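Not measured: the values here are computed from a predicted model.
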Amino acid sequence: QVQLVESGGGLVQPGESLRLSCAASGFTLDHYAIGWFRQAPGKEREGVSCIDYSDGSTNYADSLKGRFTISRDVAKNTVYLQMDNLKPEDTAIYYCAAERNYCSGGPIDYWGQGTQVTVSS
C-alpha cells in the first residue's frame, strides 16, 4: 500500500539534463521529508538532496550544488529532482526516501526501488 515510485531515469550524454520524479502513494508528503540518494555499483550509497516537510527548505551534497535542484508538489504528492549538466560520475541508481518531518539523517520510513541514470558518450 505504502510506496515511493521513481521515474525519469535513462541514458543521456554528458552535459544533458534529466528530471526525476518520486511519486508517493499510501501516504502523503505531509509530515515527511523526502530525500534523494544514489548508489553506483561497488560504491557506498550517498545522499544527493533533501526537502523538508515543514518549510520546504532544501539541502544538497556540496559537489552537486548548482547542478541539481529538488522541488515538491504537495498537491500531486510528488517530489522532483532536476539534474542539469550531467557528468559520467553521476551514473548511478537514484532512490527517493521518506523521513518523518525533517532532513535530519534519521531513520528512513520508506524507500523507492530506484531508477537508473546513465551518463555516457
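- A distance of 7.5 Å separates OH of Tyr60 from CD1 of Ile51, quoted to the nearest 0.5 Å.
- Of the inter-residue distances, the one linking Asp109 atom CG with Leu4 atom CG reads 10.0 Å to the nearest 0.5 angstrom.
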Could you walk me through whether Ser104 and Glu99 pass the side chain to side chain donor-acceptor pair (under 3.5 Å) check?
CA-CA 8 Å; Ser104 66; Glu99 177 184 358; 2.5 Å; yes
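- With rounding to the nearest 0.5 Å, the separation of CG in Leu18 from CZ in Phe68 is 9.0 Å.
- With Arg100 contributing its side chain and Pro107 its backbone, the two residues share no donor-acceptor pair below 3.5 Å.
- Linking Ile, Leu, Val, Met, Phe, Trp and Tyr whenever their side-chain heavy atoms come within less than 4.5 Å puts Val48 and Leu86 in one cluster.
- Nearest approach of Ala33 to Cys50, heavy atoms of both residues: CB-SG, 4.1 Å.
- The same ILVMFWY cluster, assembled from side-chain heavy atoms under 4.5 Å apart, contains both Ile108 and Ile93.
- Annotation: the span from Leu81 atom CG to Thr69 atom OG1 amounts to 8.0 Å, rounded to 0.5 Å.
- One N or O on the side chain of Thr91 and one on the backbone of Val119 form a donor-acceptor pair closer than 3.5 Å.
- Residues Ile34 and Cys22 come closest through the heavy atom pair CG2-SG, 4.4 Å.
- Proximity of a side-chain donor or acceptor of Asn77 to a complementary backbone N or O of Ala24 within less than 3.5 Å is detected.
- Partners of Asp84 according to the salt bridge (charged side-chain N to carboxylate O under 4.0 Å, His left out) rule, which considers only residues two or more places apart in sequence or in another chain, do not exist here.
- Under a hydrophobic-cluster definition in which Ile, Leu, Val, Met, Phe, Trp and Tyr are linked whenever side-chain heavy atoms come within less than 4.5 Å, directly or via other members, Val12 and Trp36 are assigned to the same cluster.
- Using modelled atom types, one side-chain atom of Glu6 and one backbone atom of Gly114 make a donor-acceptor pair closer than 3.5 Å.
- Distance check: Phe37 CZ to Ser49 OG gives 10.0 Å after rounding to the nearest 0.5 Å.
- Listed by chain and number, the residues in a salt bridge (charged side-chain N to carboxylate O under 4.0 Å, His left out) with Arg19 amount to none (sequence neighbours excluded).
- One finds the OH atom of Tyr53 at 8.5 Å from the CZ atom of Arg72 (value rounded to the nearest 0.5 Å).
- With contacts defined as side-chain heavy-atom distances shorter than 4.5 Å, the pair Ile70/Val79 qualifies.
- Classified by interplanar angle (parallel below 30°, tilted 30° to 60°, perpendicular above 60°), the ring pair Trp111/Tyr95 is perpendicular.
- Checked by atom type, the side-chain pair Asp55/Ser57 shows a donor-acceptor distance below 3.5 Å.
- When all heavy atoms are compared, the tightest approach of Ala92 to Ala40 is CB-N, 3.9 Å.
- For Arg67, the side-chain contact (heavy atoms from CB on, under 4.5 Å) partners two or more places apart in sequence, or in a different chain, are Leu64, Asn85, Lys87, Asp90.
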